[in-house]
Amino acid sequence: MDYTSISTSLLFFFLAGAFNLCTVSARPATFLQDFQITWSDNHIKQLEGGRAIQLILDQSSGCGFASRKQYLFGHVSMKIKLIPGDSAGTVAAFYMNSDTNTVRDELDFEFLGNRSGHPYTVQTNVYAHGKGDREQRVNLWFDPAAEFHTYSILWNHYHVVFFVDNVPIRVYKNNEARGIPFPKAQPMGVYSTLWEADDWATRGGLEKIDWNKAPFFAYYKDFDIEGCDMPDMRRCIMNPNNNWWEQPIYRQLNPQQARLYKWVRTNHMIYDYCTDRSRYPVPPRECLAGY
C-alpha cells in the first residue's frame, strides 16, 4: 500500500480538524441494546459482556444482524476489525436499508477481501428511490485487519457522507432541486453481514475463497446509532435544536474534511461509476451536478 502520498503528521493534523463530526453525543451501546441477530445465530458470538461481537464465516454459513429500530436521518458508527490474511472472496458489509422491495433506499459499506499482501478495498453504494448502481471503490491506506477502525455514515437533509476514521471517502449530495433522487422519505434500519461473494468480490470474481483458511472472523464493537427512530415522526423534522446532525456545521464538509476528501479521491480511489464510460456513456445526472 502507498503510505507516502501524504505524511502521517499532515494526516493527523487534518484529522484533528475533522474530528468534531464523529464525537458529538457519542453513545456506544452493547450489541443487544440496539441490535438483534437475523441470520445464523451460532455464527455470531458476544464478547466483552456484549460490548463487542465476533462474526464467523465458514462453509456452512455466514451471518448477519440488524438494528431493532429504523431511523430517518442521523449518524451511525461502528468499530470493525476485518478478516486478516487471505480474505479473498469474502465480504463484510455495514449498511442502512429501507427494507422495501420495490422502491429501496440503501447506504452501503462493503469491505471486499483480498489476497494476503494486497490492500483491502471498501466499496460504497447509494440507492435512492430504488435506483442503485452508484458504486465507488477506495483502497484503504492502512491494514483494517490489524486493529479496529471506525466506519460511519452521516445522513441528513443535505447530504450523505461515508467516513473512515473521520476521513470522508464518499459524499452524496441532495440534488432534488435538479430532479435527482435523494433518500429522505423512508426510514432505514442498520445492518451488517459477513458472507461469501467470490463470484464478484475480489478482482471481479477471479480470486476465489480458500476454504482451507476458514473459519474467517470479523470483529465489531462500539455500536453507536443516533437518529430519529421510528415511529416517532415528530422528531424527524429538520430542526437542528432537536437533531444535532441537522446543524449548519454538518450540512457540508468543513475545510479540513474537504482536503481529506480530495486526498482520498486523488490517491486511493480505484473505481468511480461516474467515470465508467463502458457502463454510462452519458454520466448519470448526479455526477454532472457535483457530488
Side-chain angles (χ1 to χ4, degrees), residues 1-3 35 37-45 47 52-66 78-97 104 106-127 132-151 153 162 164-165 169-170 190-221 264 268-273 276 278-279:
M1 282 177 281
D2 180 14
Y3 294 94
F35 296 96
I37 298 172
T38 56
W39 173 29
S40 192
D41 58 359
N42 63 346
H43 281 61
I44 295 182
K45 295 183 179 180
L47 308 172
I53 58 171
Q54 178 193 61
L55 275 63
I56 304 167
L57 169 64
D58 57 29
Q59 282 185 281
S60 67
S61 183
C63 55
F65 63 89
M78 294 183 190
K79 289 184 178 178
I80 304 173
K81 184 163 65 172
L82 295 170
I83 299 168
D86 187 345
S87 58
T90 69
V91 174
F94 162 40
Y95 60 103
M96 301 187 73
N97 187 297
R104 174 169 45 134
E106 186 169 308
L107 311 172
D108 293 334
F109 273 113
E110 293 177 309
F111 304 96
L112 312 182
N114 217 328
R115 292 293 179 215
S116 301
H118 294 273
Y120 245 101
T121 297
V122 56
Q123 174 172 283
T124 58
N125 201 355
V126 174
Y127 284 78
D133 301 323
R134 295 179 170 101
E135 301 92 346
Q136 292 182 358
R137 292 186 178 185
V138 169
N139 279 345
L140 293 172
W141 51 94
F142 53 84
D143 180 358
E147 58 188 14
F148 284 94
H149 291 267
T150 303
Y151 305 92
I153 301 171
F162 295 81
V164 175
D165 288 338
I169 68 165
R170 173 83 181 264
V190 182
Y191 298 83
S192 186
T193 54
L194 177 61
W195 50 293
E196 171 197 357
D198 68 0
D199 58 333
W200 67 271
T202 306
R203 294 185 59 213
L206 295 177
E207 302 283 355
K208 301 300 182 181
I209 197 166
D210 183 356
W211 289 114
N212 293 319
K213 302 292 195 303
F216 302 99
F217 303 107
Y219 297 87
Y220 291 63
K221 68 177 183 178
V264 169
H268 297 284
M269 176 168 282
I270 60 171
Y271 177 80
D272 182 1
Y273 75 107
D276 188 342
S278 62
R279 291 178 66 192

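For clarity, every value in this text was computed on a predicted model and none was experimentally measured. Counting begins at 1 with the first residue of the sequence.
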Checklist entry - Going from OG1 on Thr124 to CD on Glu135, what distance comes out if it is rounded to the nearest 0.5 angstrom? => result 9.0 Å
Item to check | Flag side-chain contact, heavy atom, 4.5 Å: Leu112 against Trp200 | outcome: yes
Checklist entry - Is there a side-chain contact between Met78 and Val190 (heavy atoms, below 4.5 Å)? => result yes
Next on the checklist: With a sphere of 6.0 Å drawn around NZ of Lys208, does it hold more than 12 non-hydrogen atoms of other residues, nucleotides or ligands?
Outcome noted: yes
Item to check | Side-chain heavy atoms of Asn125 within contact of Glu106, under 4.5 Å | outcome: no
Item to check | Tyr219 OH to Leu55 CG distance, which is reported to the nearest 0.5 Å | outcome: 10.0 Å
Item to check | Distance-only polar pair, side chains of Asp133 and Tyr273, donor-acceptor under 3.5 Å | outcome: no
Item to check | Rounded distance (nearest 0.5 Å) linking atom NZ of Lys79 with atom OH of Tyr220 | outcome: 15.5 Å
Checklist entry - For the side chain of Tyr95 and the backbone of Thr193, is there at least one donor-acceptor N/O pair under 3.5 Å apart? => result no
Checklist entry - Atom CZ in Phe162, atom CD1 in Ile153: separation rounded to 0.5 Å? => result 5.0 Å
Checklist entry - Looking at side-chain heavy atoms only, is the closest gap between Val164 and Val138 below 4.5 Å? => result no
Checklist entry - Has the side chain of Ser192 got a donor or acceptor atom that lies under 3.5 Å from a matching backbone atom of Ala93? => result yes
Next on the checklist: Determine whether His43 and Asp58 satisfy the following criterion, side-chain contact (heavy atoms from CB on, under 4.5 Å), listing intermediate values before the conclusion.
Outcome noted: CA-CA 9 Å; His43 281 61; Asp58 57 29; 3.0 Å; yes
Checklist entry - Do Arg203 and His118 come close enough that some side-chain heavy atom pair is under 4.5 Å? => result no
Checklist entry - More than 12 heavy atoms of other residues, nucleotides or ligands under 6.0 Å from CZ of Arg115: is that the case? => result yes
Checklist entry - Parallel, tilted or perpendicular for Phe109 and Phe111, by the 30°/60° rule? => result parallel
Checklist outcome for this item: Heavy atoms of Trp195 and Ala197 approach each other most closely as CZ3-CB, 3.4 Å
Checklist entry - Is there a donor-acceptor contact under 3.5 Å from the side chain of Asp165 to the main chain of Thr150? => result yes
Item to check | ring-ring contact (aromatic ring centres under 6.0 Å, His included) between Phe94 and Tyr151, worked out | outcome: CA-CA 9 Å; Phe94 162 40; Tyr151 305 92; 7.7 Å; no
Checklist entry - In terms of the angle between their ring planes, are His268 and Trp141 parallel, tilted or perpendicular, with boundaries placed at 30° and 60°? => result tilted
Checklist entry - Given the rule in the side-chain contact (heavy atoms from CB on, under 4.5 Å) test, do Tyr127 and Asp108 qualify, once you have shown the distances and angles that lead to the verdict? => result CA-CA 9 Å; Tyr127 284 78; Asp108 293 334; 4.1 Å; yes
Checklist entry - Would you call Trp211 and Leu57 a side-chain contact if the rule is heavy atoms closer than 4.5 Å? => result yes
Item to check | Asn97 and Arg104, any side-chain heavy atoms less than 4.5 Å apart | outcome: yes
Item to check | For the student: nearest non-hydrogen atoms of Thr38 and Ala66, plus distance | outcome: CG2-CB, 3.6 Å
Next on the checklist: Between Phe216 and Ile209, does the side-chain contact (heavy atoms from CB on, under 4.5 Å) criterion hold? Intermediate values first, please.
Outcome noted: CA-CA 10 Å; Phe216 302 99; Ile209 197 166; 3.7 Å; yes
Next on the checklist: To the nearest 0.5 Å, what is the distance between CD on Gln136 and CG on Asp276?
Outcome noted: 12.0 Å
Checklist entry - Any sub-3.5 Å donor-acceptor pair from Ser87's side-chain atoms to Asn114's backbone N or O? => result yes
Item to check | Exceeds 12 heavy-atom contacts within 6.0 angstrom, atom NZ of Lys81 | outcome: yes
Next on the checklist: Evaluate Val126 against Arg170 for side-chain contact (heavy atoms from CB on, under 4.5 Å), listing each step before the verdict.
Outcome noted: CA-CA 10 Å; Val126 174; Arg170 173 83 181 264; 3.9 Å; yes
Checklist entry - Side chain of Ser116, backbone of Asp86: donor and acceptor closer than 3.5 Å? => result yes
Checklist entry - Ile44 versus Trp39: any side-chain heavy-atom pair under 4.5 Å? => result no
Checklist outcome for this item: Smallest heavy-atom separation, Gly89 atom then Thr202 atom, equals N-OG1, 2.9 Å
